[in-house]
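Small disclaimer: the values here were computed from a predicted structure and weren't measured. Keep in mind that the numbers below use all heavy atoms, side chains included, and drop hydrogens, waters and symmetry copies.
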Amino acid sequence: EREIGDLLTATAKESPLGFVRLDWRGLGAASQDVGAGALSRVLCRVSGAIHGPRTASLQALHRAVARGLTATRSLHRCLVIPQADGHVLMCREPRNLPTVPITAGDKFVWDRRFAVALEPGSKVDGMTVGPLGPYRVGPLGPYTVGPLGPVGWSQIRDRVTALPLTVGTRPPTGVPTQICYGIPALFHQDRVVSAPNLGLPAEQGGFTAQFSPPLPLVPRPFAVVSSKETPIFRETKSATELETLRNAEPSAQSGSFANG
């Protein structure tokens with residue numbers, strides 16, 4: 001875990017749009033076990049999954065990346081997109097994305113990746129959250145949250161002027177449109193009202209979407225000192241998280257999730 005964390009710290013940069021940019025040369029120089037472990041971590045992060053794909057699939061992807069990826073690949077609900085500058089972008093594949101009704105005061109996790117909320121008192125009561133365009137699935141209420149998709153992206157492309165990206169790029173030239181298709185947007189019927197991750201606030205305000213998958217990109221090490229005082233690093237949950245899990249054990253766990 002520590003080697004995987006060190007590799008990701010050196011080679012990976014995450015964007016609030018929900019994708020990760022990787023230096024394929026640094027990743028390819030790592031051992032197969034460490035490189036495949038790092039890829040598994042990124043795939044879980046950008047897909048919202050808790051468990052990674054099969055080892056054989058990860059090792060095959062690591063070999064392809066180490067040789068220099070020349071074509072986009074898909075694995076674990078994710079796209080792996082090669083870039084001309086020696087990097088690869090990993091993002092959620094824009095398919096099977098949910099469309100969810102939303103009203104003022106609602107808070108939930110959309111597609112296991114984005115924490116979305118609509119402030120109490122917002123004038124957008126009865127909207128939905130979903131992806132942009134034909135990738136949207138589910139009931140269409142007055143207002144929904146869903147993925148942008150190509151249709152939604154075409155509505156706002158000319159209005160997007162700045163992106164809060166950690167990698168210093170902007171669409172449509174800097175970021176593949178597949179990434180924009182899979183981010184959440186607030187809709188009124190089929191019209192995009194807000195896409196806050198693209199710098200497009202709601203006309204009435206109050207809608208937020210924060211990239212917040214269940215697993216962190218870099219494993220959090222926890223030092224356990226043995227009798228020989230040799231530190232052993234492994235990922236663990238915090239005391240608060242463990243206590244919450246213990247309290248929830250007697251009853252069925254429930255939560256507010258909107259998953260693809």
Side-chain angles (χ1 to χ4, degrees), residues 4 8 11-22 24 27 35-65 69 71-83 87-100 108-116 128-138 144-153 165 167 171 175-185 195 197-198 209-219 235 255-260:
I4 292 173
L8 289 172
T11 62
K13 291 184 178 180
E14 181 179 288
S15 164
L17 285 186
F19 71 87
V20 172
R21 186 172 186 252
L22 281 168
W24 72 265
L27 192 69
L39 286 172
S40 179
R41 197 79 192 189
V42 177
L43 290 168
C44 285
R45 180 70 177 172
V46 300
S47 69
I50 296 176
H51 303 290
R54 294 181 302 174
T55 300
S57 299
L58 287 168
Q59 291 176 343
L61 179 60
H62 179 251
R63 289 193 295 269
V65 170
L69 203 63
T72 297
R73 292 197 174 199
S74 63
L75 179 63
H76 212 50
R77 304 198 317 162
C78 299
L79 295 178
V80 185
I81 307 169
Q83 301 289 282
H87 292 82
V88 293
L89 300 183
M90 299 177 69
C91 67
R92 170 73 159 91
E93 194 171 6
R95 63 182 181 89
N96 298 329
L97 295 165
T99 296
V100 185
F108 55 85
V109 177
W110 180 79
D111 194 44
R112 297 187 289 185
R113 297 180 297 136
F114 286 87
V116 302
T128 60
V129 182
L132 290 171
Y135 298 125
R136 297 172 65 197
V137 294
T144 57
V145 176
L148 270 175
V151 174
W153 172 242
L165 299 184
V167 296
V175 175
T177 52
Q178 295 100 315
I179 291 174
C180 299
Y181 293 168
I183 65 172
N197 303 85
L198 292 172
Q210 182 178 3
F211 184 55
S212 184
L215 291 182
L217 177 62
V218 178
E235 187 175 9
S256 181
F257 292 94
N259 298 331

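In this structure, Leu39 CG and Leu27 CG are separated by 4.5 Å, a value rounded to the nearest 0.5 Å. Between the CG atom of Leu61 and the CG atom of Leu43 there is a distance of 6.5 Å, given to the nearest 0.5 Å. Atom CD1 in Ile183 sits 9.0 Å away from atom CZ in Arg113 (nearest 0.5 Å). Put simply, CG on Leu89 and CG on Leu69 are 11.0 Å apart, with the number rounded to the nearest 0.5 Å. Taking NE2 of His62 as the start and CH2 of Trp24 as the end, the distance is 11.0 Å to the nearest 0.5 Å. Rounded to the nearest 0.5 Å, atoms CZ (Phe211) and CZ (Phe19) are 10.0 Å apart.
Residues that satisfy the side-chain hydrogen bond (donor to acceptor under 3.5 Å, both in side chains) test with Gln178, not counting sequence neighbours, are absent from this structure.
Side-chain contact between Leu17 and Leu198: present, with at least one pair of heavy atoms (C-beta onward) separated by less than 4.5 Å. For the pair Arg112 and Arg77, the minimum side-chain heavy-atom distance is below 4.5 Å. Looking at Ser47 and Glu93, their side chains never come closer than 4.5 Å, going by heavy atoms from C-beta outward. When side chains are defined from C-beta on, Met90 does not count as touching Leu79, because their heavy atoms never get closer than 4.5 Å. Thr177 is not listed as a side-chain neighbour of Pro150, based on a closest heavy-atom distance of 4.5 Å or more. Side-chain contact check for Ser15 versus Val20: every heavy-atom pair is 4.5 Å or farther apart.
Tested against Arg45 for a side chain to side chain contact (heavy atoms under 4.5 Å, CB included), the candidates Pro213, Cys78, Ser40 yield a single pass: Pro213. Paired with Arg92 under the rule side chain to side chain contact (heavy atoms under 4.5 Å, CB included), one option of Val46, Ile179, Asp111 passes, and it is Asp111.
What you find for Val100 and Phe108 is that their closest heavy atoms are CG1-CZ, 3.9 Å. Closest approach of Pro16 to Phe114, counting heavy atoms only: O-CE2, 3.7 Å.
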Practice prompt. Could you check Arg41 against Leu215 for side chain to side chain contact (heavy atoms under 4.5 Å, CB included), going step by step and ending with a plain yes or no?
Written response: CA-CA 8 Å; Arg41 197 79 192 189; Leu215 291 182; 4.3 Å; yes
